[in-house]
Protein chains: 2
Amino acid sequence: MPMGLTADELRQLDSFVDERRRIKRGERLYAAGSTFDALFTVRLGSLKTAVLFEDGREQVTGFHMLGELIGLDGISTEAHTCSAHALEDSEVCLLPFSRLEDFSRRIPALQHHVHRLLSSEIVREQHNMLLLGTMRAEEKLASFLLDLSDRYLRRGYSASEFVLRMTREEIGSFLGLKLETVSRLFSRFQEAGLIIAQQKYIKILDANGLRQLIGPPD
Amino acid sequence: MPMGLTADELRQLDSFVDERRRIKRGERLYAAGSTFDALFTVRLGSLKTAVLFEDGREQVTGFHMLGELIGLDGISTEAHTCSAHALEDSEVCLLPFSRLEDFSRRIPALQHHVHRLLSSEIVREQHNMLLLGTMRAEEKLASFLLDLSDRYLRRGYSASEFVLRMTREEIGSFLGLKLETVSRLFSRFQEAGLIIAQQKYIKILDANGLRQLIGPPD
DNA sequence: CCAGACGCTTGATTTTGCTCAACAACCGAG
DNA sequence: CTCGGTTGTTGAGCAAAATCAAGCGTCTGG
């Protein structure tokens, strides 16, 4: 959280980001409907969040990696509307929300930062809506790969070579596609020389080629 | 904004929600990319918000009626990521955001309310993602009608009879469908005796029937 | 280290919603 | 009131992705 706080303010903040929680691969951090009292930041590993439908259908709303904040949906009704699961053995940091509210009344820079974080989540979701509502399967998967690549890069990992933490089914759910479609597209991208995809291992050979896939189909 | 403020606090608040703006049908309240400095609440009429894609595709992210708040996406980068257009002659109320931040540092109840509003928007968008990602055309349109119906009801209008403010194309964009599909579905719903749809006029004859359309296709 | 479950791939077929196209109804400006 | 543009309806054919199905690879937990 680098955001122009004084050393003193930072020390204050430190006092409340102490509690951590470990979650094993597949385990749940919180369920939809459970009471909300804290936000979480990813310290290690990665997680997915998903909203559930009565009939069992689920929509993955995001994959979250190091440094990302989850649980913002819980503020509105004091109950989480989505569930969060670890994609691999992970660790999160708890941020008790009422304490965060107290602090942010006293520290304007923090207050503004909290507002920005909430708003960023809105923007991120708008982006996903654009993807789900207007893109064809090929474009969706290309966007997905480029987004992942960019996020790995910004965390100091390779932008062109990485190991997926999620299954084809989870990717499909996130993109509004079936797992078979995702699988076929990985194969097609590979045949086209854009990527190498061997199960979870992905190597991007031609990022610009992927970028060009995104656009009107002429 | 009924949220447990004291009379004095309410008076303070009043002092900054004075400025209003009229927007004629089809006019733009703000464009994607324009600088953000205030939120807006709908006082009269209705608006749509939409995100744009470089190639011209647009995704309608919401239809907004009396009392609803728009512009929350602008907080994160001080620039709007979506554009807002009036669906009919409308009027909005300006809420200068930096003043709102000042007030909410002094009034904890307001601070919490602001957080809840931001979070509600996240939840609303998650709901849209579920709709866009997992539902079939028929389910999407049924959900859309039931949602509209519910919102009219809560504003004291008829839940079963109303006039759409948006075109088939805008509905389609919101639901991730083409306008022809929307039109055909209205006709099918009418044949099935679920609704009467004559252009913009809609009468819901069998709300439960619509509800039953939403669910796994067995 | 092995067995079994889970995840992935690929093919054949079907379904859904899109595209293209023509026309009808409506609305608002003059 | 009428004309012209916009919005809505409907049809035929088509393309994209879903479904159904079979088989294989590979992790992983005992």
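Just so we're on the same page: letters track the sequence lines, and every chain starts at 1.
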Enumerate donor-acceptor pairs with a distance under 3.5 Å from any side-chain N or O in residues 193-201 of chain B to protein atoms, sequence neighbours excluded.
| residue | atom | partner | partner atom | Å |
| --- | --- | --- | --- | --- |
| B/Y201 | OH | B/E161 | OE2 | 2.8 |

Would you list the atom pairs, donor with acceptor, under 3.5 Å between side chains in residues 179-188 of chain A and any protein atom, with sequence neighbours excluded?
| residue | atom | partner | partner atom | Å |
| --- | --- | --- | --- | --- |
| A/S187 | OG | A/S183 | O | 3.2 |
| A/R188 | NH1 | A/E138 | OE2 | 3.0 |

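Side-chain atoms of B/H64 and B/T49 include a donor-acceptor pair closer than 3.5 Å.
Under the rule for a salt bridge (Lys or Arg N to Asp or Glu O under 4.0 Å), B/E169 has no partner lying at least two apart in sequence or in another chain. Annotation: salt bridge (Lys or Arg N to Asp or Glu O under 4.0 Å) contacts of A/K48 (sequence neighbours excluded): A/E58, A/E170. For B/N128, the side chain to side chain contact (heavy atoms under 4.5 Å, CB included) partners at least two apart in sequence or on another chain are A/M129, B/R124, B/F174. With sequence neighbours excluded, the residues satisfying salt bridge (Lys or Arg N to Asp or Glu O under 4.0 Å) with B/R22 are B/E91. Applying the ring pair (Phe, Tyr, Trp, His ring centres under 6.0 Å) rule to B/H85 yields no partners; only residues at least two apart in sequence or on another chain are considered. Residues satisfying the side chain to side chain donor-acceptor pair (under 3.5 Å) test with B/T81, not counting sequence neighbours, are A/Q126, B/D73.
Among the heavy atoms of the strands lying under 4.0 Å from B/L179 is at least one base atom, whether or not backbone atoms are also near. Across all strands, A/T167 comes closer than 4.0 Å only to sugar-phosphate atoms, never to a base (heavy-atom distances).
A straight line from CZ of B/R168 to P of C/dA25 spans 15 Å, rounded to a whole angstrom. Rounding to whole angstrom units, CZ of residue A/R136 and P of C/dG17 are separated by 18 Å. Summarising the geometry, the separation between CG on B/L185 and C1' on C/dG17 is reported as 9 Å, rounded to the nearest angstrom. Atom CD of B/Q198 is separated from atom P of D/dG8 by 14 Å (rounded to the nearest Å). Counting to the nearest Å, the P atom of D/dT10 and the CZ atom of B/F186 are 13 Å from each other. Remark: P of D/dA17 and CG of A/L141 are 11 Å apart, rounded to the nearest angstrom. Atom CE in A/M135 sits about 13 Å away from atom P in D/dA17, given to the nearest Å. Distance, B/E138 CD to C/dT16 P: 9 Å, rounded to whole Å.
A distance-only check finds no donor-acceptor pair linking the side chain of B/R43 to the backbone of B/C93 [under 3.5 Å].
Annotation: side chain to side chain donor-acceptor pair (under 3.5 Å) contacts involving residues 149-159 of chain A, sequence neighbours excluded, comprise A/E68-A/R151, A/E68-A/R155, A/D147-A/R151, A/D150-A/R154, A/S158-A/S160.
Comparing the start and finish of the helix from C/dC1-D/dG30 to C/dG30-D/dC1, five pairs each, the helix axis swings through 60°, to the nearest 10 degrees.
In this structure, A/T181 does not reach the D/dA17 phosphate: none of its side-chain N or O atoms is under 4.0 Å from OP1 or OP2. Put simply, B/S187 has a side-chain N or O that comes within less than 4.0 Å of OP1 or OP2 on D/dT10. Remark: A/K200 is in phosphate contact with C/dC8, judged by side-chain N or O atoms under 4.0 Å from OP1 or OP2. For D/dT19, the OP1/OP2 oxygens have a side-chain nitrogen or oxygen of A/K178 closer than 4.0 Å.
Ring pair B/Y30/B/F40: centre-to-centre distance below 6.0 Å.
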- Going 5' to 3' through nucleotides 20-30 of chain D and flagging B where a protein heavy-atom sits under 4.0 Å of the base, S where only the sugar-phosphate is that close, and - otherwise, we get B-------S--
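Contacts between residues 158-166 of chain B and DNA chain C, defined by a heavy-atom separation below 4.0 Å, involve no residue at all.
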